[in-house]
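Please read the structure below before turning to the comments.
Positions are given from 1, in the same order as the sequence printed here. We use all heavy atoms of the structure for the numbers below, so side chains are in, but hydrogens, waters and symmetry mates are not. Atoms within a ligand are numbered from 1 in the order they appear, just like the ligands themselves.
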Amino acid sequence: MVKLVKATLNDIPQMQKMVVSEVKDGVILERSEDEVATNIRSYILAKIENELVGYVALHIHSPRLAEIRSLIVSSEHRGKSIGKKMVESALVEAKKLGVGEEVLVLTYLPEFFIKMNFIEIAKETIPEHKIWTDCIKCIHFPICNEISLVYKIAG
Ligand SMILES: CC(C)(COP(=O)(O)OP(=O)(O)OC[C@H]1O[C@@H](n2cnc3c(N)ncnc32)[C@H](O)[C@@H]1OP(=O)(O)O)[C@@H](O)C(=O)NCCC(=O)NCCS
């Protein structure tokens with residue numbers, strides 16, 4: 001049985017270990033231990049009998065905009081709806097917190113998010129502070145093929 005729980009600082013070593021190959025491939029942006037710690041309240045973890053099997057972060061940019069970041073399910077547990085459950089839970093949290101307009105994601109897997117009612121947007125409309133705080137750290141910057149999508153909170 002998969003349980004979704006909030007992360008604690010003790011989870012960080014396992015979280016970092018889980019994304020090593022995706023970070024190397026440029027699918028997930030590298031985050032330092034300190035950055036994860038600073039944002040620890042953003043993370044939702046999926047656990048099966050206390051074993052970490054995936055996680056996602058809901059990062060708040062502004063009262064209107066949040067972002068899904070660092071979505072990962074360990075390779076041996078993919079295809080069991082764990083990713084979907086975590087994203088749904090992040091969207092519920094965004095609504096509960098009162099995020100006013102939308103939840104952004106930048107991804108190479110648009111199909112996964114389109115199934116969850118995200119819609120593609122033009123890259124030029126991504127908020128600038130996202131580009132300048134995160135994208136510049138990415139190994140693919142500035143030639144990036146990621147697709148930007150948003151989930152509209154209202155309506
Ligand atoms: C993307 C990822 C998190 C999906 O997690 P998952 O638990 O395997 O996905 P789920 O089982 O919840 O799939 C939900 C739906 O998306 C579909 N889906 C899952 N992976 C997909 C993929 N790679 N391409 C297209 N559709 C996909 C599933 O078929 C399923 O569809 P259904 O609801 O019609 O059955 C996982 O494959 C992963 O960790 N990948 C590596 C890291 C990565 O790419 N992260 C995304 C960064 S934005």
Side-chain angles (χ1 to χ4, degrees), residues 1-7 11-33 35-36 39-61 65-95 99 101-153:
M1 237 306 249
V2 181
K3 272 211 314 208
L4 300 188
V5 295
K6 293 300 284 181
D11 293 303
I12 295 174
Q14 271 181 293
M15 290 165 69
Q16 295 288 70
K17 209 167 148 198
M18 186 172 282
V19 286
V20 168
S21 82
E22 283 74 13
V23 165
K24 214 162 126 205
D25 294 344
V27 171
I28 289 185
L29 192 63
E30 184 169 23
R31 308 261 175 213
S32 70
E33 185 185 47
E35 193 180 359
V36 177
N39 294 297
I40 197 71
R41 293 185 189 88
S42 308
Y43 289 89
I44 298 166
L45 310 185
K47 291 193 174 183
I48 298 178
E49 288 165 9
N50 241 12
E51 179 204 351
L52 182 69
V53 295
Y55 62 92
V56 69
L58 178 77
H59 182 81
I60 309 291
H61 282 287
L65 177 73
E67 181 187 356
I68 298 278
R69 284 180 172 179
S70 305
L71 173 66
I72 179 92
V73 172
S74 64
S75 46
E76 60 273 35
H77 290 285
R78 288 180 193 165
K80 300 178 184 173
S81 300
I82 296 172
K84 184 178 172 179
K85 280 194 188 115
M86 290 194 296
V87 171
E88 283 170 352
S89 170
L91 294 176
V92 168
E93 193 175 345
K95 287 175 196 166
V99 173
E101 290 174 14
E102 53 199 22
V103 179
L104 171 76
V105 69
L106 271 83
T107 183
Y108 293 102
L109 285 180
E111 306 87 354
F112 174 86
F113 290 96
I114 287 166
K115 283 192 168 170
M116 269 172 270
N117 299 321
F118 281 73
I119 49 170
E120 191 172 340
I121 56 161
K123 250 213 205 105
E124 300 71 50
T125 61
I126 299 171
E128 266 190 31
H129 56 281
K130 161 71 189 167
I131 308 283
W132 296 114
T133 54
D134 259 352
C135 295
I136 51 164
K137 297 184 214 155
C138 176
I139 58 171
H140 299 301
F141 185 79
I143 302 161
C144 156
N145 295 322
E146 278 191 315
I147 308 289
S148 335
L149 303 104
V150 291
Y151 177 90
K152 298 275 182 195
I153 296 279

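- Judged purely by atom type and a 3.5 angstrom limit, Gln16 uses its side chain to pair as donor or acceptor with the backbone of Arg31.
- Minimum interatomic distance between Met15 and Ala7 (heavy atoms only, all atoms of both residues): SD-CB, 4.4 Å.
- Of the possible donor and acceptor atoms, one in the side chain of Ser32 sits under 3.5 Å from a partner among the backbone N and O of Glu35.
- In terms of heavy atoms, Val103 sits closest to Ala94 at CG2-CB, 3.8 Å.
- Annotation for Tyr151 and Asn117: closest pair CD1-O, 3.8 Å, computed over non-hydrogen atoms.
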Inventory of protein N or O atoms under 3.5 Å from ligand 1 N or O:
{"unit_1": "ligand 1", "atom_1": "7 (O)", "unit_2": "Ile82", "atom_2": "N", "d": "3.4"}
{"unit_1": "ligand 1", "atom_1": "7 (O)", "unit_2": "Gly83", "atom_2": "N", "d": "2.8"}
{"unit_1": "ligand 1", "atom_1": "8 (O)", "unit_2": "Gly79", "atom_2": "N", "d": "2.8"}
{"unit_1": "ligand 1", "atom_1": "11 (O)", "unit_2": "Lys80", "atom_2": "N", "d": "3.3"}
{"unit_1": "ligand 1", "atom_1": "11 (O)", "unit_2": "Ser81", "atom_2": "N", "d": "2.8"}
{"unit_1": "ligand 1", "atom_1": "12 (O)", "unit_2": "Gly83", "atom_2": "N", "d": "3.4"}
{"unit_1": "ligand 1", "atom_1": "12 (O)", "unit_2": "Lys84", "atom_2": "N", "d": "2.8"}
{"unit_1": "ligand 1", "atom_1": "31 (O)", "unit_2": "Lys115", "atom_2": "NZ", "d": "3.0"}
{"unit_1": "ligand 1", "atom_1": "34 (O)", "unit_2": "Lys115", "atom_2": "NZ", "d": "3.0"}
{"unit_1": "ligand 1", "atom_1": "39 (O)", "unit_2": "Val73", "atom_2": "N", "d": "2.8"}
{"unit_1": "ligand 1", "atom_1": "39 (O)", "unit_2": "Val73", "atom_2": "O", "d": "3.3"}
{"unit_1": "ligand 1", "atom_1": "39 (O)", "unit_2": "Arg78", "atom_2": "NE", "d": "3.4"}
{"unit_1": "ligand 1", "atom_1": "45 (N)", "unit_2": "Leu71", "atom_2": "O", "d": "2.8"}

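- At least one donor-acceptor pair under 3.5 Å links the side chain of Lys123 to the backbone N or O of Cys144.
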